[in-house]
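The block underneath contains the structure these notes are about, expressed in structure tokens.
All values derive from a computational prediction rather than experimental measurement.
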Amino acid sequence: MTVERNHVCLSMPPLTHEWDVDLASANPLRFPGYDAPAPQDESVRTGVTEHPRGPLVVIECRFDRHGGTMGVAAGERIVRAFDRAREERLPVAAFVASGGARLQEGLVSLTQMARTAGAVGRLRRAGLPFAAVLRPHTTGGVYASWASLADVLAAEPGATIGFAGPRVVAQVTGSFPPADSHTAEAAYTQGRVDALVGPEAHWVWLGNALYGPGPALRLPPGRPLPAPRKPVPRDPWAAVLHARDPRRPSGLEWSALLTEGWVELRGGDPAVRAGLAVMAGERLVVVAMDRHSRPDAAARVLPAGFRLAQRAFDLAERLRLPVLTLIDTPGAEPGPAAEADGVAGEIARTLLAMSGLTVPTVAVCVGEGGSGGAMAFAYTDRLFLLEGSVFSVIGPEPGAAVLFRDASRAAELARSFRLTAVELARLGVVDDVLPDGDVDAVRSAVLAALREAHPGERDARMDRLARSHLRRPSMMCRPE
């Protein structure tokens, strides 16, 4: 299909079957000067096409047809496409360019926002994936309904992306938005879209998102990689410093080492990364902490990082994909901005999201597991620690400040916390200790755990741990 770059996607193949070609609006408002488009001129077309990796339902929203606006006929086509995808058990790919709801069709048009969102909900409950590319330009009621509900969302560089278009912003606020607002690039930076994808790569990206495997995860330059195994310090405080070593790979590095395919799920906190990944040919969801996202190699998790994890867990549950989390953090960010953004509630909601997973879940602490910020990612059916990692109820320094009002006693407190991998295994907190520098051994252990774990084992392990450390009431304390 050869068309203008800014109108129709250059890389979308022809539909093998086009649906609902006879649907047209009846012009519900009899709006002055508005001629409802003929069926062949509607802004949306739908159907099915063949991708090299499998068939896809396609929804194409064209800006060159009535500004891509969604009237009653367009909305009906979209709803029917999602419902037919659900009935035929097919994933959905959308190419979106729209000015929003069609003003000339009034509230009848606006109700299509609710109808199309409801259709996405039915697709989700059926466990089928939906990916979309936002093209020049996507705003208004289409962006604020079904388009933003895609499981994985890309945008074309240079596209205007936003709830309200710049002219509406200027009318409502009195000034046009700055040049770096309402752009695909801004949406990517803020974590509202997962990728920036040029028109020549739309089709490839959609195939990766819906079927996998995607390209290998690329690490920023200069990232550390596992070194030959070295003896882990026996002193707990030395072990903490060893786990925090900036030359030690963090969760993101281990993600790249363990997987061969990755489709990014982007969030607003660089300390947490997530992806639809492939390991040994099998799809899974990976959520990885990246302590090196800050120059001091001590990145703490922000509320946005927990929200990304919740999104990833929800997607894994709906698509029936196993989950791997890779833990390495001093803890959650406790500062005023994080507090105002509800960090405690986000930790709780992350634990709640994990508690409801009915797919196998595995966690590996690859460095430092710090307090509740780490436990939010460790509520899994199997929990492993690398032999050089540590996990504690709180960092030794803030813990010493709490217990002793003296952070300089951190080393003393570390020795009381039994926080090394070996000690935690003896305590029964973790399932196994894995070798630090052996990528193949770690991958094998993770794959075996994902195959063998039964959802809910996390509760059995934690209940067993707790009950094994309860004090038994003495006979003298029992009632007669």
Do E260 and P213 have side chains that get closer than 4.5 Å, going by heavy atoms? no
Do L386 and W254 make a side-chain contact, defined as non-hydrogen atoms from C-beta onward lying under 4.5 Å apart? yes
Any side-chain donor paired with an acceptor under 3.5 Å for S389 and E368? no
Results of ring-ring contact (aromatic ring centres under 6.0 Å, His included) for F82 - residues two or more places apart only: F130
Can you give me the closest heavy-atom contact between V359 and P455, atom names plus distance? C-CG, 3.7 Å
Contacts of H182 meeting ring-ring contact (aromatic ring centres under 6.0 Å, His included) (sequence neighbours excluded), chain-then-number -> none
Do S250 and D290 have side-chain N/O donor and acceptor atoms under 3.5 Å apart? no
Kindly determine whether T420 and E423 satisfy side chain to side chain donor-acceptor pair (under 3.5 Å), including the steps that lead there. CA-CA 5 Å; T420 66; E423 289 174 311; 2.9 Å; yes
Check this for me: does any side-chain nitrogen of one of R307 and D341 sit under 4.0 Å from a carboxylate oxygen of the other? yes
Ion pair present between D151 and R318, side-chain N to carboxylate O less than 4.0 angstrom? yes
N/O donor to acceptor pairs below 3.5 angstrom from side-chain atoms of residues 330-340, sequence neighbours left out:
unit_1: E333; atom_1: OE2; unit_2: G335; atom_2: N; d: 2.9

Of all heavy-atom pairs between L413 and A400, which one has the smallest distance, and what is that distance? CD2-N, 3.3 Å
In plain terms, say whether R84 and E87 are close enough for a salt bridge, that is, a side-chain N and a carboxylate O under 4.0 Å apart. no
Could you check whether any side-chain heavy atom of P224 comes within less than 4.5 Å of a side-chain heavy atom of R248, counting everything from C-beta outward? no
Any carboxylate oxygen within less than 4.0 angstrom of a Lys/Arg side-chain nitrogen, looking at D314 and R311? no
